[in-house]
Every structure is written in C-alpha cells, then in structure tokens.
Amino acid sequence: MKNKNTKYIPREIEKKWQEIWERHNLYGSDLSKSNKYYVLAEFPYPSGDLHMGHWFTFCGADIYARFKRMQGYTVFFPNGFDAFGLPAENAAIKRNIHPRDWTMSNIKRMKEQFATMGGSFTYDHEVITCLSEYYKWNQWIFIEMFKKGLAYRAKTMSNWCPVDQTVLANEHVVDGLCWRCGAEVVQKEVEQWFLRITAYADRLKWPENPSVDWPESVRRGQNDWIGKSEGAEVEFGVENSELSIKVFTTRLDTLYGATFLVLAPEHPLIAKIVSEKQKKTVEAYQRETEKKTELMRKETRVKTGVFTGAYAVNPINKEKLPVWVSDYALITYGTGALFGDAHDERDSEFAKRYGIALKPTVITGNREKDGRILSLKECFTGYGTLVDSGEFSGLASMTAKKKILEKLVKNGKAKPYVTYHLHDWSVSRQRYWGTPVPMIHCRNCGIVPVPEKDLPLELPYEVDYAPKGKPPLASNIEWMRTKCPKCDETAKRDAETMDTFVDSSWYFLRYLDPKLKDAAFDKKRSAKIMPVDIYFGGAEHTLGHTLYSRFFTKFFYDLGMVDFEEYAKRRVNHGIVLGPDGEKMSKSKGNVVNPDAEVAKYGADAVRVFVAFFMPYDGTGPWISDRIWGAYRFLERVWKLKEKADDHKMDRQDLLMMHKTIKKVGGDIAGIKFNTAVAALMEWLNYLSRKAKNKKQKVSWEEYRVLLILLAPFAPHMTEELWQRFLVKPPPSFLSVHCQKWPKYDPKFLEEEEATIVVQVNGRVRDSVKMQNAKCKMQNYVEEKARESERVSKHLEGRSVKKVIYIEGKIINFVTED
RNA sequence: GGGCAAGUGGCGGAAUGGUAUACGCUGUAGUCUCAAAAACUACUGGUCCAAAAGGCCGUGUGGGUUCGACUCCCUCCUUGCCCACCA
C-alpha cells in the first residue's frame, strides 16, 4: 500500500508550519540580546493586492533574514504599512468608500497574502502610519522642527496638479506630468510648509569613503541632487540707480569677459529697473513664462528673452552691461541672476539669438595638465589661463578665481557664496488622507503649534474629501475652529496634511516599539538595535525617501535622540519584476501578476525558490509563470531524495561537493546573489541524485541534513516538514530547521584530489590532463605530461616551442615560434 | 544635452584575465505506459563532414594590451534607467 505521506503536496504542509511557527514565536526577537541584526525592507503601500514585485523584494529580505538567524544573530525583521496617501483618497472618491476603511481592509487582505509567503517577520512590531498612535509623532517631530526653524511657511511657485488638486514635489513631476495621475502639472503660487533640508545639505553629502555600505549609484545620485556649487555672489551696480544686482557665479575667472546680465523672469528687481520703453515687453514676457509649465520649458530648449532697457556695471572693470530677462535663468538657483559671456554655451546661444555682441573669451588654452595640452573646451571649464583680464592676465583659472574674489571682497563687491540644487522640502498637501499639520493660525499670535498634551491631533473621519481646490479638512468647520493656545482667542487649524514621505522618514525607528506612548521611539532600544544592518528597497527612492530618512536621522542626532548619523549600514537596491508582456506591472495595463494563483498552483516554496532563482536580485525582467515548474521539480527531487538517505559514509568527493556548496551558498546569500545560490544547490542535488543512481551508493544523512539547512531560507516549509519527519527523532520539543546553525565549510575539504590542467597551444585549448595535486607543483612533470597528449602533440608537431606559460594547477600554454 | 548601467545560445541567465554558455526553461530522441501525463535517461551555440574523430567560427561593432580577453583600454552602435537650461 502506498503511503500518501511520501508525496510532496505543498498545500498540505505550508499552512500547518506557518501556524506552528507563529505558535512557537519562532521569529520573535528577544530585543534584550546583544547580537542583534536588523533586516529592513521598505514597507509596502496598501494598494489592495500583493503583487510579484512585493514577493521579489520580501523573499530576498526573508532569505537574508533567515540566513542571519541561522548564523546565530537575533534578527529583527519587522514589517508594516505606509498607509497614508493619495490612492486611498482617489479610490474613495471613485467608489464612495472612506479612505480609512479602504486602507484598513487592504491591509487586512495584504497581511493574509503576506502570511502565505511564510516570511519570518518579527511579530507584534507592526507599524501602520495612518493610525494616530503613529502620526502623533509625525506631528511631534514637525513641531520640534518648527521650534528649531526647520519647518517654515513660505509662498512660492509650486508644481500644482490640477486633477489631484495638490502641490507636488519636484521629484514627483515626471516629464511635466503628475507621477500619480499623469495630468499636466502647472505652476501656481501657494503658501505652504517647507522643511529646511537644505540646512543639512552639507551633512547629507556623501564623503568619498563613507562608513556605511550604500551603492555608489545612490551616493552619487544623492550628491548630484544636492548639487553643491561653491562660488561667489558678485554685486553689479545698476546704472543711474542706487540699486545693485547680486549675481551668483562659480566662474569668477571669466568676470572680465562678462557681456550681459540675465535675470530670471520672477526676479523682484525687474520691476524696479525696467525702462519705460521696455516695460510692456518685459511684463508680457513675464506673464508668458509664468504660464509655461515645466514640460513646455523643457521642450523648447530655445532660449527666449527680452531686454529690460537697464544697464549694469561690472564691478571689476566698470564696463556697462545690458540687463536681460530670460527663463533660462532660474529663480530657484543661485541668486536668480547670472552674467553672460562667450565661455558658456547657453550664454553664447542666447547672445547670438538676440544680437548681443559678445566680448572675446578671456580664457585661453595652451595649458598642460597631466602631461597633455588641454582642449579649449576643457580650458573653459576651469583649467585655462586668463588673458585680457587686467592685472589678473596670465594667471591660471584656479588662482585667478581666488585673487579676483579677494579683490572684490576688499571692495565690498562680492562674497563667497554656496548654492545648492537641492531645495527645501515642500511638505504641504491639500488633501485629506495624511497627517494633519499640528499648527494653529491665530489672528493675534500668528502661527502657534498645537501643545504637546493635545497630540495627536486626530484626523477627523467626517470630511468632504472631493477635490475643490481647497483642502478637504477646511470643509469640516467644527474641526477647523479651535482656540489659540497662547491667547485663548478663537483661531483656525491648519487645513493641510503632510507629504507621506514624512511618514516613511522614520518608521524604522518606530518599529522598535510601535505602541510606545510617551516618545516617538524607544531611545534605549534604538541604541541597542539601530542602525539598520541591511535595508532592501527600490532604486527609485534614491532622491526621495532614503534622502529624507537620512535628513530625519541627522535631525534626531542633533536632538540627542540617536547616537548615529546614518540609519542604515547597508543599502541593497532590488530590481523590478515586469509583467509577462515585458511592461511595468500596472493595474491599467492589466498585466499585474498576483502571487495567490501561483502559490495555489505550485506552493509558496516553489514560488520563493523561483523568485530567488529567475534573475539577479537587482535585475529587471518579465515574469514567466510556466518556468516555476523548474523550481517545483527541484523541490520535489529534494523531497524524493530522502528515500536514498541512510548511514552511508561520505567519500572525499562527497565532502568536497558538500563543503563547496556550503561555501558558495553562504557567500552568495551574503552577497545578495540568490540566483547563483539556488543554482549551487541544484548542482549539488544533481550530484547527489546521480550518485544515488549510478554508483548505487546512498546519500548520507549528513548530506541530506546539510542540504535541508542550506535550502531552508529559500524553501522554509518543505525543509521544515522533512526535517521534522526524518531528522528529529523523537521530538522532545519543537526543534525547527530554521533554528539550526548554519554550517561552516572546512577549507581542507575544498581541495580537489586530482588537479585538472588545461593544455593550450598558442592560447587555444587542445586538451586537459589530470594528475595528483602534489605533482602539479613540478612544471617539468606537467609539461612532460601535457606533451604526451596526442591532441597536444599533434598541434606541436613541426613547431618549435618558444615559451611555456604555466599557471600552477590551472593551465599550461605552449607558445610556438610562428 | 549630461550621468550611470548593460549588450553572452531559441529564452531567463553563469563565469577572481585562465576549458565561455554553470543552473534552469524550451526542444529532440528514448525508457515506462493500452495510451497520455508525470517521472527518469541522453542530447540540445553555429558551421564543415554521411557519421565519428576532428577542424574552424562564436560573448553588440571595429581596434589595442596580453602567452591567453565576456572580463582591462580606446572607437562606434544599441538598449535601459536616472537627471536635465545649475550660471
């Protein structure tokens, strides 16, 4: 009679073990232990359904977490939900369901889906950002920043999405379109809250050799985004006026070549200096550029502009320069004003277009650097020699910059000036589903923070959240009306909510104790468990989320709340699982692969193994469901192999294979190369089953035991089942395979008994010869042996050997005369 | 326009400057079966050859360095991602 237990049926074992693990609190972290290891994966947005991308990310993180746990670390691997945000509100409007209800039911559903994965998440540390127990601390942090002058209100031109009716950060304007809804973004002047991230620009800049292990692409990307430019602010007097125009430049060495000035259309001085004659033209131009959306500005690279009728005076040589207005000068960069000269391509283009006679260049070539003459273009970018520059002629650019600055500073006409590409972080959102800004607007006292004892300032459930161009919270008049904490007069609340990136900027600290009542996070625990040891996430968060988190961390550091300035020791970017059509998965395209069906068909373990195996973790490629069969077959073969296991003794080759695999799998997991780790396991399995078949040998229990341990992070359920059935006897208590110690390889077993030496003639492989390890130390012997080969001697016939290259134990190459 | 990454069989992908194509998928043939599926076994880059042995060609293109190059250097082409008037 056939025993039905001999068949591998995933659905019969997976749920069972998930429940047993939870019952035994297998993945609970004893946070009092000292050998901590914090594994973090970016928490998901509860959009409704888990998709393959989530599996890809979280399986990777889980494999790694399991691996570290088996290495003896106390692994802290929490999960949560980034639960505030626009989609909830949009879904609410569309389907007439409250954002909170929509979000919470999605979370419930996604948690069920997460459970099928068999992830080793640390229980009871869940963070859900839309709960007031969490966002209370967003508010607290906001007020702390306000007190330190880091949160402030300002009026600016902002990216405005007319469909979502909200302000967008620069990084959420993609090709001039809203990243969420795809509507064309327009410019609109609004007053809103900013966080002064620029105050941390210098500290956010990555040093050459940072103490933490983050991908170079992320570090470079952030540094470019911060875009620190050191230069000078030069004052150009305005002719027949007391006014002066402050111009930012990084190229003081070209100051003698200045031919004209350009002001950004939004520059406040324009109205004061414009001539009567030009007034109409200039104002028309200003109106026109105001209407231009970012998309239009980008598309028309042709530089347009108008003359103001005014002239400025170059402080270095008293030359008279016409002042123009053009939108290629950006009000947000430097001082919103620049001087044009022949060295800069854009300036030249602009001058040519409007018939401004450019002064000749004042930088010349003929300069050597690193033993070669530089091109003129290179000289223009900072390595030339000055000519026609008065007393500074003949100086190298670098020196001239310093000397000219010195002189201008002495005359009070310039000062060193540093500007950044990074702007302050606009955090106001005119939407409902977010953290209410904890501020009160009082007629007498101005802006007053909500007192700490009144936090959290709860988001009211009842509001009209349909977009009307004003924040939805403003529609709840009762909520809006309050009293000023200072003067007790009637006052108004702030109707705006915070950007959800505030939520995700510190959630990893809240994980430590999500229920903590009297502080944002547990300082003592943080000292123990932070920083995060490894952080898995998407490359798209290089300029957003991960930069903001670093900013928050540095702010906490300044408040003395944490004792580190970088919150994650290592950052790993994951790739993207595309739909089967090779396109990015999206609901509108209908190519979203839901893991539920795959799990039902193949079991979670096979899906996990396949997800780990089918492409490198940082790769991007389409999901091809049929191929999961390969992973399933692999697991089934492991399952069946147990029938071949007995007390067989391992020979030298067996030991070699086992230790090689231990080394490879451990090394690959540590290096986030899950695909080759699985391949190594497959290879070893091929070896084991071949030996079980061909040689009529059995597989030893030791081999089977190690195989299950190495496979456990990838296929946690089936390895546990096999472990419990065959390797725990009899079970005195619950001894999980996941609590086993990760095996160590012994280098003494890694040596091959026989060395295989590849023989080449003139670099072409002709044969390979085998010999005992010891013998390959003797080149003469190897050479003799190689010449004995018929295939080799055939190619050496009639040729004289000029040279023999021998790389010990690897290759021997005969090089002939001809 | 700038920056970064990458181009390897029919496909996903492996390869510290040292036997290119590991591992998996697919395909072909076979074993088993009344049959099919599954499983198992063998083969599976191209080309010359009846076949085998063997030879030649093969990692986007063209060059270079080297005894030896997917790997290092230069040219060009292509694709992807990110940024984009930054004075």
Side-chain angles (χ1 to χ4, degrees), chain A residues 170-171 174-175 215-218 220-221 224-225 227-229 231 234 247-251 254 258 261-262 264 294 297-298 300-303 326-330 332-341 343-347 349-350 419-422 539-540 542-543 575-576 609-610 613-616 618-624 626-631 633-634 636-637 640 664 673 675-686 689-690 693-694 756-768 790-791 794-795 801-807 809-816:
Chain A
N170 275 338
E171 45 275 43
V174 181
D175 292 334
E216 208 199 324
S217 60
V218 174
R220 201 201 318 261
D224 289 351
W225 184 253
K228 184 178 183 177
S229 292
V234 185
V247 171
F248 173 70
T249 181
T250 54
R251 297 298 309 278
T254 64
L261 253 52
V262 183
E294 209 144 305
R297 280 207 192 189
K298 278 174 187 171
T300 53
R301 288 187 72 86
V302 180
K303 284 156 195 55
S326 170
D327 63 1
Y328 87 87
L330 307 171
T332 52
Y333 188 76
T335 56
L338 59 92
F339 70 76
D341 56 52
H343 309 88
D344 187 282
E345 242 175 274
R346 289 158 315 184
D347 296 344
E349 190 192 320
F350 185 77
T419 191
Y420 298 92
H421 171 244
L422 179 75
E540 71 275 18
T542 296
L543 304 179
I576 304 164
V609 167
F610 183 67
F613 176 70
F614 92 110
M615 73 174 174
D618 58 0
T620 293
W623 178 260
I624 305 162
D626 314 351
R627 296 199 180 167
I628 305 177
W629 272 123
R633 262 197 290 266
F634 164 62
E636 205 176 29
R637 287 173 62 212
K640 285 183 187 162
K664 175 79 176 154
K673 292 193 275 186
N675 57 333
T676 47
V678 174
L681 287 166
M682 288 171 166
E683 264 180 275
W684 190 29
L685 175 68
N686 288 345
S689 24
R690 208 172 303 131
K693 219 161 237 132
N694 295 355
T756 305
I757 314 273
V758 172
V759 187
Q760 300 184 331
V761 178
N762 292 327
R764 309 180 75 107
V765 177
R766 294 304 174 186
D767 203 357
S768 65
E790 212 175 290
R791 287 191 240 174
K794 203 166 93 185
H795 286 274
V801 173
K802 176 169 76 172
K803 204 167 160 190
V804 179
I805 312 275
Y806 178 56
I807 307 296
K810 277 192 173 164
I811 205 157
I812 186 161
N813 188 8
F814 294 97
V815 186
T816 63

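Each chain gets a letter, A, B and so on, in the order the sequences are listed, and its residues count up from 1.
- If you check B/rC85, B/rG18, B/rC40 against the side chain of A/Asp327, the one that comes closest is B/rC85.
- Side-chain N/O atoms of A/Asn686 include one lying less than 4.0 angstrom from OP1 or OP2 on B/rG24.
- B/rG17 and B/rG10: their P atoms are spaced 27 Å apart (whole Å).
- Comparing the same atom, C1', in B/rG13 and in B/rG45 gives a spacing of 15 Å after rounding to whole Å.
- Pair check for B/rC43 finds B/rG27; Watson-Crick or G-U wobble, both atom distances under 3.5 Å.
- When both distances must be under 3.5 Å, the Watson-Crick or G-U wobble mate of B/rG58 does not exist.
- Looking at the side chain of A/Thr676, the nearest of the listed nucleotides B/rC67, B/rA14, B/rA87 is B/rA14.
- With RNA chain B read from its 5' end, the first of the two nearest nucleotides for A/Val758 and A/Met615 is the one closest to A/Met615.
- The same atom, P, is picked in B/rG30 and in B/rG80; the two are 44 Å apart, to the nearest Å.
- Across all strands shown, B/rG80 forms a Watson-Crick or G-U wobble pair, both distances under 3.5 Å, with B/rC4.
- Closest contact between the side chain of A/Ala679 and the listed nucleotides B/rC23, B/rG55, B/rG18 involves B/rC23.
- Considering only side-chain atoms of A/Val765, the nucleotide from B/rA87, B/rU19, B/rA22 that sits closest is B/rU19.
- With rounding to whole Å, A/Arg627 atom CZ is found 10 Å from B/rC25 atom P.
- The base of B/rC4 lies outside donor-acceptor range of the side chain of A/Arg220, with no N or O pair under 3.5 Å.
- Counting only heavy atoms from C-beta on, A/Lys803 has its side chain closest to B/rC67 among B/rC40, B/rC67, B/rC57.
- The side chain of A/Asn675 has B/rG13 as its nearest neighbour among B/rG13, B/rG54, B/rG12.
- Nucleotide B/rC49 forms a pair with no other nucleotide shown, judged by Watson-Crick or G-U wobble geometry with both contacts under 3.5 Å.
- Annotation for A/Val609 and A/Ala631: closest pair CG1-CB, 3.9 Å, computed over non-hydrogen atoms.
- The nucleotide B/rU33 finds no pairing partner, because no Watson-Crick or G-U wobble arrangement with both distances shorter than 3.5 Å includes it.
- The side chain of A/Lys794 sits closest to B/rG54 out of B/rA87, B/rG54, B/rA15.
- When the P atom is used for both B/rU8 and B/rC32, the distance is 42 Å, rounded to whole Å.
- With its glycosidic angle within 90° of 0, B/rG9 adopts the syn conformation.
- Separating the C1' atom of B/rA14 from that of B/rC85 is a span of 44 Å, rounded to the nearest Å.
- Taking the side chain of A/Phe613 as heavy atoms from C-beta on, and the options B/rC85, B/rA15, B/rG24, the nearest nucleotide is B/rG24.
- Spacing between B/rG68 and B/rG7 at atom P, rounded to whole Å, works out to 24 Å.
- Residue contacts shown for A/Ser229 are limited to sugar-phosphate atoms, with no base heavy atom under 4.0 Å away.
- Rounded to the nearest 0.5 Å, atoms NZ (A/Lys303) and CG (A/Asp347) are 9.0 Å apart.
- A/Ala680 comes within contact range of no nucleotide atom at all, as no heavy-atom separation falls under 4.0 Å.
- Ranking B/rA87, B/rC85, B/rU19 by closeness to the A/Thr756 side chain, first place goes to B/rU19.
- Picking from B/rG13, B/rC83, B/rC85 the nucleotide with the shortest atom distance to the side chain of A/Trp225 gives B/rC83.
- B/rG68 is unpaired under the criterion used here, namely a Watson-Crick or G-U wobble arrangement in which both key atom distances are under 3.5 Å.
- Atom CZ of A/Arg766 and atom P of B/rU19 are 15 Å apart (whole Å).
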Strictly under 3.5 Å: I want the nitrogen or oxygen pairs between protein and nucleotides 26-30 of chain B, one per line.
unit_1: B/rU26; atom_1: OP2; unit_2: A/Arg633; atom_2: NH2; d: 3.4

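- Distance noted for atom C1' between B/rG2 and B/rC72: 26 Å (whole Å).
- Spacing between B/rU61 and B/rA53 at atom C1', rounded to whole Å, works out to 35 Å.
- Map A/Val678 and A/Thr419 each onto its nearest nucleotide of RNA chain B; the residue landing nearer the 5' end is A/Val678.
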